[in-house]
Amino acid sequence: MSVAMVTGASRGLGRALAGELAARGWDLVVTARGARALAEAASELARAPGVRVTAVAGDVSSAEHRGALVAAARALGGLDLLVNNAGVLGTEPLVALAAQPLDGLREAFEVNVVGPLGLVQEALPLLREAGAGAPAGAGAVLNISSDAAVVAYGTWGAYGATKAAGDLLSAVLAVEEPALRVWWADPGSMRTRMMAAAEPGEDLAGLPSPQEVAPVLLRLVTEGLPSGRYTAQGLGVTAAGAGAGEPAAEPGAGGRR
């Protein structure tokens, strides 16, 4: 049975992606900062028939925590898919760069850039092993990006800088590890707690939910699409919800998370 690791899995897109994977029979290692919310999510995920779920609460910016996550995956038999979804804004609500707290910027880079890269480094031996034996020929990494990585939105500069850095690291990883599938995907703007915290005055009612977006992003996994940058819109999501569409393996119309 395939094993996936999902960070930021207690709510929002991470929780939705974990749910979709569980429904497809994947065993899971899930993590988030909040132990109680993570335990509740893990309990729900474990209701999928035959699915094993290991929950490890903690912060992906911690090397010790990253080691514990990979050890948990190894105990389940390996790791076929790493989903780097956990992220922070750097300050809530968002502010212009002139007012951006530098401590918040440092935290955002630690959680959004350093943590995911550290987790990739820790997990690479398992991902390479998965690539050697997987039917599709590759273990896989899915890094959640943002339209703010490629578009200059006011007040999104700090968060966008971390996502731009993540995009570049993803692209280089795809070059350096050609046996793996490496995707960096912009899910678009969604009705999430993060989006509400970023711009409290915005009306999010017309945005898709994470539950609508998750199955479309998982086309990357189920169809074994080539390494590259994708948008949920290009993969088949519109502002009104799920719909037909073709993959877009380059920056395109997406949205902030």
Side-chain angles (χ1 to χ4, degrees), residues 7-8 12-14 17 82-98 100 104-117 120 140-177 181-192 194-199 202 204 206-208 210 212-214 216-221 225-240 243 245-257:
T7 69
L13 182 62
L17 287 169
L82 168 60
V83 181
N84 279 313
N85 166 76
V88 297
L89 292 168
T91 185
E92 298 180 6
L94 297 178
V95 295
L97 289 176
Q100 172 65 44
L105 179 63
R106 292 186 187 96
E107 180 195 17
F109 268 94
E110 284 290 334
V111 174
N112 301 355
V113 183
V114 178
L117 176 58
V120 167
V141 178
L142 170 56
N143 292 325
I144 300 302
S145 184
S146 169
D147 200 37
V150 294
V151 179
Y153 295 115
T155 74
W156 285 83
Y159 178 78
T162 68
K163 291 301 180 178
D167 279 10
L168 181 58
L169 290 179
S170 300
V172 172
L173 181 66
V175 171
E176 294 176 345
E177 298 288 337
R181 303 285 176 96
V182 182
W183 307 295
W184 48 113
D186 166 20
S189 298
M190 297 173 288
R191 296 194 307 271
T192 62
M194 174 179 277
M195 190 67 182
E199 297 183 339
E202 290 294 310
L204 309 184
L207 299 179
E212 292 174 285
V213 174
V216 181
L217 288 185
L218 284 184
R219 281 187 58 193
L220 297 165
V221 179
L225 296 180
S227 295
R229 189 181 200 278
Y230 293 81
T231 69
Q233 186 177 53
L235 287 165
V237 162
T238 68
E246 292 300 319
E250 71 271 345
R256 295 149 289 177
R257 249 176 107 196

Taking all atoms of both residues into account, what is the closest heavy-atom pair of Arg229 and Thr231, and its distance? NH1-CG2, 4.0 Å
Taking the side chain as everything from C-beta on, heavy atoms only, tell me whether Val141 gets closer than 4.5 Å to Trp184. no
I'd like to know if the side chain of Ser146 pairs up with that of Asp186 as donor and acceptor (distance under 3.5 Å, no hydrogens or angles considered). no
Dump the intermediate steps for side chain to side chain contact (heavy atoms under 4.5 Å, CB included) on Leu117 and Leu169, then the final yes or no. CA-CA 8 Å; Leu117 176 58; Leu169 290 179; 4.3 Å; yes
Could you list the residues that satisfy side chain to side chain donor-acceptor pair (under 3.5 Å) with Asn112, not counting sequence neighbours? Thr162
Run the side chain to side chain contact (heavy atoms under 4.5 Å, CB included) test against Leu218 and tell me which residues pass, sequence neighbours left out. Leu17, Glu20, Leu21, Arg24, Val221
Smallest heavy-atom separation, Asp167 atom then Ala149 atom, equals OD2-CB, 3.6 Å
Can you check side chain to side chain donor-acceptor pair (under 3.5 Å) on Asn143 and Ser170, steps first, answer last? CA-CA 7 Å; Asn143 292 325; Ser170 300; 2.8 Å; yes
Asn85 versus Thr7, side-chain donor and acceptor atoms under 3.5 Å: no
Is a side-chain donor or acceptor of Thr91 paired with a backbone partner of Leu94 at a separation under 3.5 angstrom? no
Could you tell me if the side chain of Ile144 sits less than 4.5 Å from the side chain of Leu13, heavy atoms only? yes
Stepwise side chain to side chain contact (heavy atoms under 4.5 Å, CB included) check, Arg191 with Met195: CA-CA 7 Å; Arg191 296 194 307 271; Met195 190 67 182; over 6 Å; no
What I'd like to find out is whether the side chain of Gln100 reaches to under 4.5 Å of the side chain of Tyr159, using heavy atoms alone. no
Supply the atom-to-atom distance Trp156 CH2 to Leu89 CG, rounded to the nearest 0.5 angstrom. 6.0 Å
By salt bridge (charged side-chain N to carboxylate O under 4.0 Å, His left out), which residues pair with Glu110, not counting sequence neighbours? none
Of the non-hydrogen atoms in Trp183 and Ala140, which two are nearest, and what is the gap between them? CZ3-CB, 3.5 Å
Verify, without hydrogens or angle tests, whether Arg219 (side chain) and Leu235 (backbone) share a donor-acceptor contact under 3.5 angstrom. yes
Tell me, do Glu199 and Pro93 make a side-chain contact under 4.5 Å, heavy atoms counted? no
Give me the atom names and distance for the closest heavy-atom approach of Leu217 to Ala185. CD2-CB, 4.0 Å
Are the side chains of Leu142 and Asn84 in contact, using a 4.5 Å heavy-atom criterion? no
Kindly compute the distance separating CE (Met194) from CD (Glu92), expressed to the nearest 0.5 Å. 7.5 Å
Which atom names give the shortest non-hydrogen contact between Val111 and Gly87, and what distance separates them? CG1-CA, 4.1 Å
Between Pro187 and Ala232, which heavy-atom pair has the shortest distance, and what is it? O-CB, 3.3 Å
